[in-house]
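Take a look at the structure set out below.
Just so it is clear, the structure is predicted and the values come from calculations on it, not from any experiment. Chain letters run A, B, ... following the sequence lines, proteins first, then strands; residues in each count from 1.
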2 protein chains.
Amino acid sequence: MKKVEFKSKGYELISSVAKAMGNPHRLELLELLANGPKNVEELRREARMTLTNTSNHLQILKQLKLVKARRQFTSIYYRLADETIISLLKALHITAFRQLVELKHTIGQFRQQYGTDRAVIAELPATDYILLDVRPAVEYRHGHHRGAINIPHNQLGKSMVQLDKGKLIVAYCRGELCTLADEVVQQLNAAGFRAVRLAEVVMMKSA
Amino acid sequence: MKKVEFKSKGYELISSVAKAMGNPHRLELLELLANGPKNVEELRREARMTLTNTSNHLQILKQLKLVKARRQFTSIYYRLADETIISLLKALHITAFRQLVELKHTIGQFRQQYGTDRAVIAELPATDYILLDVRPAVEYRHGHHRGAINIPHNQLGKSMVQLDKGKLIVAYCRGELCTLADEVVQQLNAAGFRAVRLAEVVMMKSA
DNA sequence: TTTTTATTCCAGTATTCCATGGAATACTGG
DNA sequence: CCAGTATTCCATGGAATACTGGAATAAAAA
């Protein structure tokens, strides 16, 4: 193999991984899976895509060995093929955030419109706040921020009473583009709690 | 802005950064710039692309704020816009390497065909080897591996005499797909030295 | 001011990618 | 074996991307 051919083929292959993340739907699917395995219907629902399209994109990701599939009874469950993919997704977010003013602006504007303040927990005494994971319980079990408790966003109504009104509630969900924590923060503040959203990007490990 | 619109726009923007790396030519341009600023003609030559195509891709990268341009006399010099891009490129390589058997196979086969052995310097006593940077001097000055000396690959002939035949020569260049170190290792071994290629992925910081 | 050099832009062509609807397939359960 | 459910595959049309040659532009140099 000539040097030029070697280099060409190498870049072709490496760039194909980047290309996989270059479609917004596939990127979202990867990030949903970073938070834990899901079946096709769950992914379809969370990403608000058609079933055919969801499956099409999953085949592309599978072909590139970024995800793995496993049948459990009548459902096919997908999961990330390797934990380095989480590091890659994080690095992509970090660069996109630093370089794209429009992205920063879009998120800042949305958070402001929603009235969601943010907190950096490293700056807070541990006794002053509660870290609240508002993702579905199965994702919490799969991996969560150390010290976090779990109240799935759709169970907040009945579980809110568990929370200490004397402490700041710092909520997080699946990442910067996930709005579950925004909803929860809004509901908690309306109920007389002091709640904000976690400032750091959180992306979980796979099993 | 509705939540669904917010999420859509967010993924559109973030995936555009991945899409930028999704073309093998643009990926190569980014990696060349990770090793130091270069003008359009230098990039064209190293990447073996047409001038028009090189410039086209640089415009795309500039638009996404991944690179910055600056005129110096009659030449336009490009450089990476931020150091996080190097981390992103590294993360992409790591994932591609772990997931794509074909990539590993392609590189392994090329290195074997070239007869290039590899060494992990962490496993060697510091007194037993010389770390040799074979990139152009301007790239060495821009940033290099700690403890490395520089002999640009095209000056090996007259500079080889500086090297200690009693030590193992561990050469590196711009990364896994760069073949400068393979050439140098081959020439050194033919001249009676003991030379190998550095095993780790090396990607340099920008200024 | 004119010429030269380096680079970018434009329009056309070819190729690749994406989403869709419907058909096909791969299972499980009875 | 059949029915039901979940998922994948196929062919299509349209959108997006990539590359090219030549023109245009933006400087520096004479």
Side-chain angles (χ1 to χ4, degrees), chain A residues 4 7-9 11-30 32-33 37-79 81, chain B residues 4 7-9 11-30 32-33 37-79 81:
Chain A
V4 171
K7 202 174 61 157
S8 271
K9 184 156 178 107
Y11 278 115
E12 200 76 30
L13 289 168
I14 300 180
S15 66
S16 72
V17 173
K19 193 186 291 185
M21 302 185 297
N23 175 279
H25 290 315
R26 290 198 293 273
L27 182 59
E28 181 171 10
L29 291 175
L30 287 172
L32 284 168
L33 293 173
K38 292 176 176 67
N39 67 28
V40 184
E41 169 57 30
E42 288 168 343
L43 290 166
R44 183 209 69 73
R45 189 169 59 245
E46 293 292 345
R48 299 173 190 252
M49 290 163 60
T50 62
L51 189 60
T52 303
N53 208 21
T54 302
S55 183
N56 284 345
H57 285 304
L58 286 169
Q59 298 325 302
I60 294 170
L61 295 174
K62 195 164 61 174
Q63 195 171 25
L64 288 163
K65 312 292 183 220
L66 296 178
V67 303
K68 284 181 175 175
R70 173 159 137 257
R71 178 181 282 269
Q72 242 175 329
F73 300 102
T74 61
S75 298
I76 310 287
Y77 278 85
Y78 282 86
R79 61 188 166 88
Chain B
V4 172
K7 203 172 64 157
S8 269
K9 181 152 181 115
Y11 277 114
E12 200 75 32
L13 290 167
I14 299 180
S15 67
S16 72
V17 172
K19 194 186 293 185
M21 303 185 297
N23 174 280
H25 291 316
R26 289 198 293 274
L27 182 59
E28 181 170 9
L29 293 174
L30 287 173
L32 285 168
L33 294 173
K38 293 175 174 68
N39 68 31
V40 184
E41 170 55 30
E42 287 167 345
L43 290 166
R44 183 208 68 73
R45 189 169 60 242
E46 294 293 343
R48 299 174 190 251
M49 289 162 63
T50 61
L51 191 58
T52 304
N53 208 21
T54 303
S55 183
N56 284 345
H57 284 304
L58 287 168
Q59 299 324 303
I60 295 171
L61 295 174
K62 195 165 60 173
Q63 196 172 25
L64 287 165
K65 312 291 182 221
L66 296 177
V67 304
K68 284 181 175 174
R70 174 159 136 257
R71 176 181 285 268
Q72 243 177 326
F73 302 102
T74 63
S75 297
I76 309 286
Y77 277 84
Y78 283 87
R79 61 187 166 91

At under 4.0 Å between heavy atoms, what does [X] touch on the DNA or RNA strands: base, sugar-phosphate, or nothing?
X       : answer
A:Thr74 : sugar-phosphate
A:Tyr77 : nothing
B:Leu58 : nothing
A:Ser75 : sugar-phosphate
A:Asn56 : base
A:Thr50 : sugar-phosphate
B:Arg26 : sugar-phosphate

Could you check how far [atom1] of [X] sits from [atom2] of [N], rounded to whole Å?
X       : N      : atom1 : atom2 : answer
A:Leu51 : D:dC9  : CG    : P     : 13 Å
B:Lys62 : C:dC9  : NZ    : C1'   : 12 Å
A:Asn53 : D:dC9  : CG    : P     : 14 Å
A:Glu41 : D:dT7  : CD    : P     : 7 Å
B:Gln59 : D:dT17 : CD    : P     : 16 Å
A:Arg44 : D:dT8  : CZ    : C1'   : 16 Å
B:Asn23 : D:dA16 : CG    : P     : 18 Å
B:Leu27 : D:dA18 : CG    : C1'   : 16 Å

Pairing partner of D:dT8, by Watson-Crick or G-U wobble and under 3.5 Å for both distances, is C:dA23
As its Watson-Crick or G-U partner within any shown strand, both distances under 3.5 Å, C:dG30 has D:dC1
Can you check whether [X] has a side-chain N or O nearer than 4.0 Å to OP1 or OP2 of [N]?
X       : N      : result
B:Lys19 : D:dT17 : yes
B:His57 : D:dC19 : yes
A:His25 : C:dA19 : yes
B:Tyr78 : C:dT8  : yes

Side-chain touch [X]/[Y], heavy atoms, less than 4.5 angstrom:
X       : Y       : value
B:Thr52 : B:Asn56 : yes
A:His25 : B:Tyr11 : no
A:Met49 : A:His57 : yes

B:Lys65 atom NZ, neighbour heavy-atom count above 12 within 6.0 Å: no
Whichever of B:Thr52 and A:Ile60 has the more 5' nearest nucleotide on DNA chain C, that residue is B:Thr52
Residue pair B:Thr54/A:Arg71 against DNA chain C: nearer the 5' end by closest nucleotide is B:Thr54
Side-chain atoms of A:Asn39 come closest, of C:dT8, D:dT7, D:dT8, to D:dT7
With A:Leu64 as partner, the option from A:Leu61, A:Leu66, A:Val67 fulfilling side-chain contact (heavy atoms from CB on, under 4.5 Å) is A:Leu66
State whether B:Glu12 and B:Lys9 are salt-bridged, where the test is any N-O pair (Lys NZ or Arg NE/NH1/NH2 against Asp/Glu carboxylate O) under 4.0 Å.
-> no
